[in-house]
Amino acid sequence: MSKTVQTFQRVKTEMAHSMVRTMYQPGEIEAKWQARWAEEDYGVARDDDPRPKFYNLVMLPYPSGDLHIGHWYNYTGADIFGRFTRMRGYNVMQPIGFDAFGLPAENAAIKRNIQPRTWTLDNIENMRRQLRKMGAGWDWSREIVSCLPDYYLWTQWLFLQFYKHDLAYRTKAPANWCPSCNTTLANEQVVGGACERCHTPVERREIDQWLMRITKYADELLRFDGLDWPEKTRVMQTNWIGKSEGAEVRFVAHIPGKRRKNPATGKFVIEPEERVEIPVFTTRPDTIYGVTFFVLAPEHPLVERLTTPKQRKAVQAYIEQARHETEIDRLSTDAARPKTGVALGTFVTNPVSGEQVPIWIADYVLMGYGTGAVMGVPAHDQRDFEFARMFNLPIKQVIRDGDEPLTDPETWEHALTAHGAMVNSGQFDGAPPDQAISKVIEWMEHKKVGRAATTYRLRDWLVSRQRYWGAPIPIVYCPEHGAVPVPEDQLPVRLPDEANFKPTGESPLRYDPSFLHTTCPICGEPATRETDTLDTFICSSWYFLRYADAHNDNAAWAPDKVAKWLPVDRYIGGAEHAVMHLLYARFFVKALRDMGWLNFDEPFIKLYHQGTVLGPDGVKMSKSRGNVIAPDAVVERYGADAVRAFLMFMGPFDQGGPWNNQGIEGVRRYLNRVWALVTETLDESGSDHHVVNGASQDGATPTAAERGIERLRHRMIARVTDDYAEMRFNTALAGLMEFVNGLNKAREESPAITQTPTFRAAIETLLTLLAPMTPHIAEELWHMLGHTESVHDQSWPAYDPALTVAETITLIVQVNGKLRDKLEAAPDIAEDEVRALALASPKAQAALDGRPAKKVIYVPGRLVNIVG
RNA sequence: GCCGAUGUGGCGGAAUGGUAUACGCGGUGGUCUCAAAAACCACUGCCCUCACGGGCUUAAGGGUUCGAGUCCCUUCAUCGGCACCA
């Protein structure tokens with residue numbers, strides 16, 4: 001009968017007498033410690049703590065009602081890192097709050113006939129409960145709820161600061177309109193022509209909208225100096241901003257004069273032509289001699305005036321068709337759909353070559369990018385090439401293909417888009433590839449027909465939403481004074497607690513007389529309020545600043561508090577926010593810095609994206625698939641510690657992985673073994689009936705078994721510390737498992753070992769290393785060992801590299817790179833000796849098969865490779 | 001189409017250019033039990049062999065190297081992002 005089995009029998013007998021003592025019951029201990037930590041303000045970060053600060057932030061959750069397993073994943077990793085960092089001597093601030101405004105609340109409210117406010121606040125209450133059950137070190141004293149007036153007052157105040165500095169403005173412009181959500185959307189919220197939230201194809205609407213001038217910061221937003229961000233995210237932001245360098249060239253068009261009756265003479269006269277300049281943006285001014293046609297976006301304002309009477313009907317039909325089809329066609333996967341377009345019947349003059357080319361409209365030219373006009377260079381642009389082929393327009397080669405002789409472009413299958421020397425280009429002929437662009441720009445600037453120019457894909461951020469559940473935009477419209485900002489001392493502009501929802505496409509606030517009607521802050525005459533509300537991304541663009549000073553009634557934050565805590569040291573959240581939240585927040589910080597409110601450039605120094613937890617079937621969780629894991633149920637069954645540990649054990653933290661119901665059983669079994677290891681050895685050391693002599697006493701020479709345990713302890717500290725620091729939680733837990741396996745094996749081999757200080761030290765180290773990952777069981781067992789302070793207040797254990805070195809090493813003997821034998825040796829064995837031993841190995845000799853060893857490679861401490 | 005990431009046992013996954021498959025799940029056999037569950041012990045990449053032992057294996061193919069899962073090239077597959085951006 002093995003020792004462990006005997007122990008188990010004894011434990012089983014004892015269970016009858018004291019169940020509480022011997023059974024691991026996560027439900028009980030987790031509730032107990034959570035209550036204790038709350039009482040003792042474990043998570044509360046003090047501003048006056050002298051230790052170095054560490055701002056450990058997770059992305060603000062939306063209170064959808066239930067904490068998703070994905071939240072658990074994100075927050076567990078963040079919490080482990082936070083607890084670990086705290087034990088390493090930092091004053092860690094790890095706040096939590098709620099991004100509480102937004103469409104889902106309003107949609108749910110309409111569906112269930114309850115008010116968004118009630119729905120949201122109820123959800124928050126439930127999520128607070130769920131968040132507490134994680135056993136995370138949240139600083140609840142700094143909680144923010146973005147839909148409450150003490151928060152949105154400052155959201156409104158910030159809007160006014162942006163307005164004051166001309167970074168918020170109102171304009172009438174074509175906006176993305178979601179007919180299902182009944183509101184306009186920012187460009188970032190339109191994915192593939194459809195609403196990001198409900199996937200309804202968006203429409204274009206001309207409405208007065210509020211925008212934030214994020215484009216002013218386009219260049220600075222392209223710089224990521226000093227930021228430790230995933231390459232992927234930086235690339236996504238860079239592509240989103242989409243900086244293109246090239247030239248703006250002004251082509252000249254002549255609007256035909258109208259035939260008109262002179263009222264004085266009664267005779268018909270032809271008015272003189274009107275000369276208009278139409279700028280185009282191009283990245284390839286070196287191809288300007290290859291222009292054979294000119295294309296305007298169908299929405300271009302000059303289209304109507306540049307259309308000849310003969311073409312009018314066809315043009316109008318095309319514009320109508322483009323308006324209807326564009327968004328739907330964008331959704332189709334057929335990216336290579338044939339080019340369409342209509343000629344206007346008029347011409348433009350190429351200001352460099354002097355040639356006249358026809359003007360067309362085509363939907364491949366977008367009004368929203370560049371100038372909404374394009375010079376058609378079919379030989380050197382694939383789209384223009386396809387367009388020319390479709391309408392039999394001439395193709396003219398003006399760039400050489402390296403040293404290849406010129407060929408007839410009409411025979412080509414693709415445009416030649418590579419750079420090369422200029423040809424067929426008048427005075428520019430022969431300009432080499434690296435100078436071609438600059439020479440043409442220089443010439444155009446000299447002749448004043450064009451200039452170097454830069455264009456961005458990034459548009460200003462549209463922030464008006466025609467919905468109720470958001471922060472009201474603090475603006476009043478006065479018949480006399482126009483748009484007037486609400487004076488700061490009159491903030492907040494309170495959102496009425498209730499709203500009457502009507503599917504009108506206008507904010508419900510418009511139908512609330514008590515909200516709508518007010519007086520002009522300037523003249524006191526009757527006026528109306530802005531009834532649009534702010535995009536919720538505004539709320540989440542500054543919450544990390546508010547956490548530093550969450551309850552300040554006099555300011556959005558006190559400068560010294562923000563200076564103490566910001567910027568965020570580590571920000572952990574989903575990659576789906578790469579071009580929205582993360583870009584907006586950077587913009588906010590830069591703008592506020594320029595206004596003098598902040599003195600740093602970037603909000604988030606280190607950014608980390610956790611992976612996605614998939615359903616047990618390996619597919620993204622969704623209600624319709626029925627593969628959703630509800631945290632409450634698994635926590636109930638296995639305990640929060642097991643859920644935390646299993647989530648981290650699934651795979652690398654940035655990769656996520658499938659949930660596995662057997663997998664969590666395994667982790668739970670591990671925690672049972674930890675419990676057994678500690679409680680059983682505690683029994684043995686704490687009572688006298690099992691004490692066996694033979695273990696070393698203090699001061700005596702350690703036995704081999706003790707040296708082995710001490711080596712294991714130091715190795716595990718080294719390994720787990722590195723893994724936590726790099727957020728490799730899966731391998732950290734594998735190490736912690738090996739630690740327990742090693743201790744159990746030692747215990748089985750020499751039961752007396754458990755009485756030694758060495759073993760006791762190993763157990764204490766195990767609990768400290770477990771503390772960040774499974775905080776409750778670590779705390780409970782720590783106290784069982786007789787400690788009165790929290791395990792979470794211990795400093796992180798140190799290790800001695802010298803003590804991690806093995807007493808004997810295994811040297812691999814290879815012949816021609818293949819494993820043939822193994823040698824046990826002392827770590828400091830001499831090279832000569834190793835070579836001799838390896839060559840003498842019968843197995844190596846057999847593999848050599850009589851051939852002489854040409855060469856012997858020795859990698860100290862690892863292997864010998866005999867080349868024969 | 002472009003950009004990026006990833007391909008390792010039955011499964012999730014480990015591996016500073018140096019013992020591939022750590023750790024866990026699952027499976028098989030065993031101990032305990034009247035029995036089952038739990039727990040514990042042993043084995044568990046594939047092929048050949050009664051065995052000793054040998055051969056093969058990190059998506060596929062090639063290369064560099066004494067030695068490649070790891071570095072380089074080609075191809076394939078999966079996932080993510082962008083997609084007429086002039």
Side-chain angles (χ1 to χ4, degrees), chain A residues 1-9 11-12 191-193 230-233 235-236 238-240 242-244 246 280-284 287 295 297 329-330 333 335-337 339 362-366 368-377 381-384 386-387 455-458 575-576 578-579 612 614 618 620 646 649-652 654-655 657-667 669-670 672-673 676 728 730-738 741 744 748 810-822 843 846 854-859 861-868:
Chain A
M1 196 191 264
S2 78
K3 172 65 198 169
T4 343
V5 171
Q6 286 176 31
T7 307
F8 181 67
Q9 286 302 301
V11 168
K12 221 163 130 186
V191 178
E231 164 82 14
K232 191 174 90 173
T233 308
V235 167
M236 277 169 78
T238 303
N239 291 342
W240 186 261
K243 181 175 183 171
S244 291
V280 298
F281 174 75
T282 177
T283 55
R284 295 295 302 272
T287 65
V295 193
D329 284 0
R330 291 271 186 78
T333 48
R337 70 194 175 96
K339 294 281 179 288
D363 64 4
Y364 82 90
V365 176
L366 310 173
Y369 184 78
T371 60
V374 163
M375 58 184 215
V377 187
D381 180 283
Q382 184 58 26
R383 295 152 304 181
D384 296 344
E386 287 163 20
F387 191 76
T455 298
Y456 300 88
R457 205 182 85 114
L458 182 71
E576 67 274 16
V579 290
T612 312
L614 305 172
K620 196 173 174 175
F646 174 63
F649 195 54
M650 287 189 320
D654 58 358
Q655 276 175 41
W659 180 268
N660 181 322
N661 287 310
Q662 261 98 46
I664 191 168
E665 296 269 5
V667 168
R669 278 202 285 270
Y670 167 70
N672 284 342
R673 283 197 297 273
R728 293 187 300 245
N730 56 329
T731 50
L733 185 53
L736 290 163
M737 287 174 169
E738 286 183 45
N741 291 347
N744 272 331
E748 198 174 330
T810 307
L811 282 168
I812 299 308
V813 180
Q814 292 182 338
V815 175
N816 293 331
K818 279 193 197 273
L819 173 72
R820 294 299 173 187
D821 201 1
K822 297 177 184 183
K843 289 179 180 173
K854 287 183 202 151
K855 196 168 160 189
V856 178
I857 287 154
Y858 176 55
V859 182
R862 302 215 74 118
L863 58 75
V864 189
N865 188 12
I866 303 166
V867 185

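Every chain is numbered from 1, with letters handed out A, B, ... down the list of sequences.
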(request) Sort out the partner of G26(B) for me: Watson-Crick or G-U wobble, both distances under 3.5 Å, none otherwise. (result) U44(B)

(message) Applying the Watson-Crick and G-U wobble criteria at under 3.5 Å, what pairs with C82(B)? Answer none if nothing qualifies.
(response) G1(B)

(message) Quick check: on RNA chain B, is the nucleotide nearest Gly735(A) upstream (toward 5') of the one nearest Gly242(A), or the reverse? Name the residue that is more 5'.
(response) Gly735(A)

(request) Could you check Glu738(A) against Val374(A) and say which one's nearest nucleotide on RNA chain B is further toward the 5' end? (result) Glu738(A)

Roughly how far apart, to the nearest Å, are [N] and [M] at atom [atom1]?
| N | M | atom1 | answer |
| --- | --- | --- | --- |
| A22(B) | U44(B) | C1' | 15 Å |
| G45(B) | G26(B) | C1' | 14 Å |
| G61(B) | A83(B) | C1' | 32 Å |
| U6(B) | G13(B) | P | 13 Å |
| U49(B) | C56(B) | C1' | 15 Å |
| C71(B) | U16(B) | C1' | 14 Å |
| C79(B) | G30(B) | P | 44 Å |
| G4(B) | U65(B) | C1' | 29 Å |

Closest to the [X] side chain, choosing from [options]:
| X | options | value |
| --- | --- | --- |
| Val859(A) | U19(B), G18(B), A86(B) | G18(B) |
| Pro658(A) | C23(B), G12(B), C41(B) | G12(B) |
| Lys818(A) | A20(B), C56(B), C23(B) | C56(B) |
| Arg669(A) | G24(B), C84(B), G26(B) | G26(B) |
| Asp363(A) | C84(B), A22(B), G26(B) | C84(B) |
| Phe649(A) | C23(B), A14(B), C84(B) | C23(B) |
| Tyr369(A) | U19(B), C23(B), A86(B) | A86(B) |
| Ala734(A) | U19(B), G13(B), C23(B) | C23(B) |
| Arg820(A) | G55(B), A86(B), U19(B) | G55(B) |

Distance check needed: [N] [atom2] versus [X] [atom1], whole Å only.
| X | N | atom1 | atom2 | result |
| --- | --- | --- | --- | --- |
| Phe646(A) | G12(B) | CZ | C1' | 8 Å |
| Gln655(A) | U8(B) | CD | P | 11 Å |
| Glu665(A) | A39(B) | CD | C1' | 14 Å |
| Arg673(A) | C23(B) | CZ | C1' | 11 Å |
| Arg728(A) | C23(B) | CZ | C1' | 15 Å |
| Asn744(A) | C23(B) | CG | P | 14 Å |
| Asp821(A) | U19(B) | CG | P | 15 Å |
| Leu736(A) | A22(B) | CG | P | 18 Å |

[X] [atom1] to [Y] [atom2] distance, which is reported to the nearest 0.5 Å:
| X | Y | atom1 | atom2 | value |
| --- | --- | --- | --- | --- |
| Thr731(A) | Met737(A) | OG1 | CE | 12.0 Å |
| Lys855(A) | Asn816(A) | NZ | CG | 11.5 Å |
| Thr612(A) | Gln655(A) | OG1 | CD | 10.5 Å |
| Lys620(A) | Leu614(A) | NZ | CG | 9.5 Å |
| Ile857(A) | Ile866(A) | CD1 | CD1 | 10.5 Å |
| Lys822(A) | Lys843(A) | NZ | NZ | 9.0 Å |

(request) Applying side-chain hydrogen bond (donor to acceptor under 3.5 Å, both in side chains), name anything that partners Asp384(A), two or more places apart in sequence or on another chain. (result) Tyr364(A)

Check: protein-nucleotides 63-70 of chain B nitrogen or oxygen pairs below 3.5 Å:
residue : atom : partner   : partner atom : Å
C66(B)  : O2'  : Asn865(A) : ND2          : 3.3
C66(B)  : O2   : Asn865(A) : ND2          : 2.6

Give one of base, sugar-phosphate or nothing for [X], where a contact means two heavy atoms less than 4.0 Å apart.
| X | answer |
| --- | --- |
| Lys822(A) | base |
| Asn741(A) | sugar-phosphate |
| Asp384(A) | nothing |
| Gly666(A) | sugar-phosphate |
| Val365(A) | base |

Does a nitrogen or oxygen in the side chain of [X] sit under 4.0 Å from OP1 or OP2 of [N]?
| X | N | value |
| --- | --- | --- |
| Arg862(A) | U16(B) | no |
| Asn730(A) | A14(B) | yes |
| Thr455(A) | A86(B) | no |

(request) Might you point out which heavy atoms bring Met236(A) and Val579(A) nearest each other, and give the distance in Å? (result) O-CG1, 3.6 Å

(request) Please examine the side chains of Phe649(A) and Ile664(A), heavy atoms only from C-beta on, and report whether any two atoms are closer than 4.5 Å. (result) no

(message) Going by side chain to side chain contact (heavy atoms under 4.5 Å, CB included), Arg862(A) matches just one of Val859(A), Val864(A), Asn865(A). Which one?
(response) Val859(A)

Expected rows: protein N/O vs nucleotides 77-82 of chain B N/O, under 3.5 Å:
none

(message) Determine whether Asn660(A) and Phe646(A) satisfy the following criterion, side chain to side chain contact (heavy atoms under 4.5 Å, CB included), listing intermediate values before the conclusion.
(response) CA-CA 9 Å; Asn660(A) 181 322; Phe646(A) 174 63; 4.0 Å; yes

(message) Checking understanding here: a glycosidic angle within 90° of 0 is syn, the rest anti, so what is G24(B)?
(response) anti

(request) Flag yes if more than 12 heavy atoms outside Lys232(A) fall under 6.0 Å of its NZ atom; otherwise flag no. (result) no

